[in-house]
Structure formats: C-alpha cells, structure tokens
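Take a look at the structure below.
Naming convention: chains lettered A, B, ... in sequence-line order (proteins, then strands); numbering from 1 in each chain. Excluded from the calculations below are hydrogen atoms, water molecules and symmetry mates; all remaining heavy atoms, backbone and side chain alike, are included.
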There are 2 protein chains.
Amino acid sequence: MSNPSKMKVYQEVLNEIRRFIQERELEDGDRIPSERELSDQLNASRASVREALRAIELLGLIETRHGEGTFLRTYKPFHSVELLSTFVLTEAQTKDELKEVQYMLEQLCLQELKRLNVREIEELESLDGASEQIHNELFILLFNQLGNQLLLKIWHLVAGFQQMTEQEQLDASDVQSIIDRIKRQEYDQAIDTHSRLYT
Amino acid sequence: MSNPSKMKVYQEVLNEIRRFIQERELEDGDRIPSERELSDQLNASRASVREALRAIELLGLIETRHGEGTFLRTYKPFHSVELLSTFVLTEAQTKDELKEVQYMLEQLCLQELKRLNVREIEELESLDGASEQIHNELFILLFNQLGNQLLLKIWHLVAGFQQMTEQEQLDASDVQSIIDRIKRQEYDQAIDTHSRLYT
DNA sequence: ATTGCGTTAGTGGTCTGACCATTTATGAAA
DNA sequence: TTTCATAAATGGTCAGACCACTAACGCAAT
C-alpha cells in the first residue's frame, strides 16, 4: 500500500474499498473486485485484503459466495448485536444489572402497546398459557408486533443471558395475568403488574 | 480446525476465542494468547487466526500492540466508525429502527434523572459545549451515573451503529439546551426537549 | 440450430513458511 | 548492583501454493 502512515494495511484496504464503492455508487447485491484483483490494484498481499474483507463480512456489510465473488449487502445492525453480545454481556455484569435491563426493555415494550391495533392484540390468543416459556413467547410476540427487529434482538439476547444465570424466572400465572390485562386493553394495569413482578 | 462444518475457519476461531474469554472471565486489559499460540492450539493457520483477530479488532473488542500482544478491551465499540461509515448500505427502515431504539434508551435514561443527587448533576459542568461529540458525552456521563454499565454499553452500541449509518446527528446547540434543563433540574422539560429532537 | 456435458478459467478458503519491526526478557560486562 | 547489548517473543506483511466451488466455454450428439 502506498500510504506509509501507521495505519495497518488491512485498514488502508478498507479505505480503498470504501472509496471504490462510493465512486461507483454500488448498491445492494453489486459485486466487489475479487481478492486477487484488489491485491494487485492496491499493492497489498491477498492475506491483507482478506483481513479487511473478513472483518466487514463479519459485520454483515458484504456477502461472500465461494467460487463466485464478494457482494455488497445492506446492513442489518441486529446481526452485529448478536456478535457483540457475548463480549458485552459476559463482562463481569452483575445479575442485577441484567435483570434491570431486561425489565426496562420490557417496560419500553409495554409502553408502546397503544400503537397496536385490535387485530394485533387478538394474536395474543395464540399464546400457550401452559408453556414454561410463556414469558419469552409473550415478549417475542409483542416486540415483533412493534416491528423493531433491533429492539427484539437486544431484548432476546439479554433475556437469554438472564436465563442462563439461573435466577428464578417469572411465574407463568403472573405472566398470564399480564396477558389478560393486555387483552382487555388495560395497558396501564399491565405495565403495573409487570412492574410489580420485578420488585 | 477440527470442526468440519461449513463454517469458515476464522469463525470457528472466533468462537474459540469467545469461549476462552468466557471461561477465564477475562476483563478489560487482560491478554489473549499470541497469534502463534492460538494457531497451534486450534489447529488453524496463523492467517486464519489473524482474520478472526482483525475482525474483532475492527469491532473494537480487542487492542493489538506490536511486539507485546493482543489484549481484551471493553467498552469501545466501533472505535473505527470512520472506517466504515460511508460504505454502509442501510435501508430506510433499518435507520428508523436504529433511531427509535437510541431514542428509547435515552428516554429511559432521562426518566431516571430524579435518582441523581446535586453533586452528580454538577458534573455536567465538565461537558465541553463546543464538542461535536457533546451528545455522546452527555449520555455516557448520565448512563455512567445511573450505575448500570450494561445499559451504557447497549446504548453505546446502538449509538455506534447510528453513527455508522451516517444519519444526521443531533445539533450541538439542541443538546446543550437539554443539558441546561437538566442543570436547572427541570427534568420533565429536558425529557420533552429531547423527545422533540427525535421527531 | 439446439441441447447436453465435460473442460477450464476464475474465485474464495486455507495453509506454510518466510522476513521485518517492535517490545520485553535475558544475561554478561562494568 | 547497574547498564546495556543480545536474544526471544510477538505482531505485521508478504509470496506462493493447493483445494473446493462456480460459471462460462466449446465440443459433441441430437
């Protein structure tokens, strides 16, 4: 690479790729030059080019197809959230913190219930009251209906981690009472009930 | 690598590194085995190990020091936003989701302001009103004072994504007005102001 | 001409081994 | 004991090789 700065080669490569995409106004699905081409044109080894490509592949910015090539791809942050979760959630978090965050996220969700229409509320009927997982099922459904994949993903990861710490989970009947409140569109009471379960 | 699945070697390496960190409960600043050690222990080439390491380095999860080694580093997600920002293709809906989640998290934060004491509020004085990063600085400070590190990290993550998608950031003067409100302990107005900035 | 299929060129996936640059540990000399 | 040159360990980078997969090509049979 030409740039003699302290930046690593793979980062320079990243810069060049970025410029390439920008100049040609590439879009979703468009092809990026092959690793060997990039290697030649940028005067970098293929190994360095690959370091750059693997990094943004992991991020979900490109898609690689064996034998075909490398293609640009629209970015979905919630994919990266999963990637990072291990690192973020593992670090010396107290269980209380996890629980608190889960609680907050669920409160956020419940506070948005007003946005749902009758038809969406009716879908709550499909929940299996006998299931041990009723809590998870409820919020997966609700977050889904709110239509925010990122938020769902975050909650899901936090909840999953929470479950691993083997704290006592919410009682199924308590969750059921929240569901009942929601069905009757008594949202404030639902929020209240949920709030009480966490304190 | 032993695993004969269709997963790429660098991804397997990534999993192993993750496990390594998790099992030993490594924290900020702790050292990760050298590239050659990992290469030996995981039966992967050093090139593949590097692909994995470079990827999470770009994510900001590790720090590499030439001649010394590789170290775990928490808390600085997306230190290289600049490297990625311009060529991240994001759909409009995704951007909206991102914005919404960030907004929600910040509202969550502001709603907890009552819990802070005078001394903590006074720390807002330390914020540099001229900084472009005033928005980030404000919430890093606030989330920190609320004492939930996990929530801070999640917000940080989302804010990083947001920055990557190159959406228009909040105006510094608007943020400043939020800060002023908080200083005068007009929390409800602060929440209101913040809310208006996002709509 | 059309269809079918082996060949081949291009591409990503992975490994080996080499060399350089930087930092730290080592050990001999003062 | 201190000082400082040397060695060892580590990350940074490269060249080249081989495999696996895909798509395009071209020849042969229809």
Discussion item. Here's a test of your reading of the structure: between B:His66 and A:Ala47, which maps to the more 5' nucleotide of DNA chain D?
Written reply: B:His66
Discussion item. Taking side chain to side chain contact (heavy atoms under 4.5 Å, CB included) as the definition, give me every residue that meets it alongside B:Leu127, ordered by chain and number, with sequence neighbours left out.
Written reply: B:Leu124, B:Ile134, B:Glu137, B:Leu138, B:Leu141, B:Ile179
Worksheet item: Any donor-acceptor pair under 3.5 Å joining the side chain of A:Arg46 to the base of C:dG13?
Response: yes
Discussion item. Ring pair (Phe, Tyr, Trp, His ring centres under 6.0 Å), that's the test. Do A:Phe78 and A:His156 meet it? Break it down for me.
Written reply: CA-CA 11 Å; A:Phe78 71 90; A:His156 202 287; over 10 Å; no
Worksheet item: Would you say B:Ser39's side chain and B:Glu35's backbone share a donor-acceptor pair under 3.5 angstrom?
Response: no
Worksheet, complete the sentence: Separation between CG (B:Leu58) and CG (A:Leu59), nearest 0.5 Å, reads 6.0 Å
Worksheet entry | Test salt bridge (charged side-chain N to carboxylate O under 4.0 Å, His left out) applied to A:Glu112 - qualifying residues, sequence neighbours left out | A:Arg115
Item to complete: Would you list the pairs meeting ring pair (Phe, Tyr, Trp, His ring centres under 6.0 Å) in which at least one residue belongs to residues 38-59 of chain A, sequence neighbours left out?
Response: none
Response to the item:
Rounded to whole Å, the CD-P distance (B:Glu51 to C:dT14) equals 7 Å
Worksheet, complete the sentence: Atom CG of B:Leu14 and atom P of C:dG13 are separated, to the nearest Å, by 15 Å
Worksheet item: Rounded to the Å, how far apart are B:Phe71 CZ and C:dT22 C1'?
Response: 13 Å
Discussion item. With a cut-off of less than 4.0 Å, is there a side-chain N or O of B:Thr70 near OP1 or OP2 of D:dT10?
Written reply: no
Tabulated below should be each protein N or O lying under 3.5 Å from an N or O of nucleotides 5-7 of chain C; please produce it.
none

Discussion item. So, OP1 or OP2 of C:dG13: does either fall under 4.0 Å of a side-chain N or O from A:Arg54?
Written reply: yes
Indicate every side-chain donor-acceptor pair of residues 19-32 of chain A with a distance under 3.5 Å to a residue at least two apart or in another chain.
unit_1  : atom_1 : unit_2  : atom_2 : d
A:Arg19 : NH2    : A:Glu16 : OE2    : 3.0
A:Asp28 : OD1    : A:Thr74 : N      : 3.1
A:Asp30 : OD2    : A:Glu27 : N      : 2.7

Item to complete: Output every pair passing ring pair (Phe, Tyr, Trp, His ring centres under 6.0 Å) with a member in residues 28-54 of chain B, not counting sequence neighbours, ordered by first then second residue.
Response: none
Item to complete: Whole angstrom is fine here: how far is it from CE in A:Met7 over to C1' in D:dG11?
Response: 18 Å
Worksheet item: Among all residues two or more places apart in sequence or in another chain, which pass the salt bridge (charged side-chain N to carboxylate O under 4.0 Å, His left out) test with B:Glu68?
Response: B:Arg65
Fill in: Between D:dT10 (C1') and B:Gln41 (CD): distance, integer Å
15 Å
Worksheet item: What residues in residues 31-39 of chain B put a non-hydrogen atom under 4.0 Å from any atom of DNA chain D?
Response: B:Arg31, B:Ser34, B:Glu35, B:Arg36, B:Glu37
Worksheet item: Please give, in whole Å, the distance from C:dG13 P to A:Glu57 CD?
Response: 6 Å
Fill in: Sub-4.0 Å heavy-atom contacts from residues 19-29 of chain A onto DNA chain C, ordered by number
none
Item to complete: Give a yes/no answer on whether the side chain of B:Arg50 brings an N or O atom under 4.0 Å of OP1 or OP2 in D:dG12.
Response: yes
Practice prompt. Write out all pairs satisfying side chain to side chain donor-acceptor pair (under 3.5 Å) with one or both partners inside residues 140-150 of chain A, taking only residues at least two apart or from two chains.
Written response: A:Asn148-B:Glu100
Worksheet item: Are any of B:Ser48's side-chain N or O atoms less than 4.0 Å away from OP1 or OP2 of C:dG13?
Response: no
Discussion item. I need the CD-P distance between B:Glu68 and C:dT24, as an integer number of Å.
Written reply: 4 Å
Item to complete: Applying side chain to side chain contact (heavy atoms under 4.5 Å, CB included), name anything that partners B:Ser195, two or more places apart in sequence or on another chain.
Response: B:Tyr103, B:Gln107
Item to complete: Starting from P on D:dC21, measure out to NZ on B:Lys8 and report it in whole angstrom.
Response: 14 Å
Item to complete: List for me each residue that meets salt bridge (charged side-chain N to carboxylate O under 4.0 Å, His left out) alongside B:Glu51, sequence neighbours excluded, and say none if there are none.
Response: A:Arg50
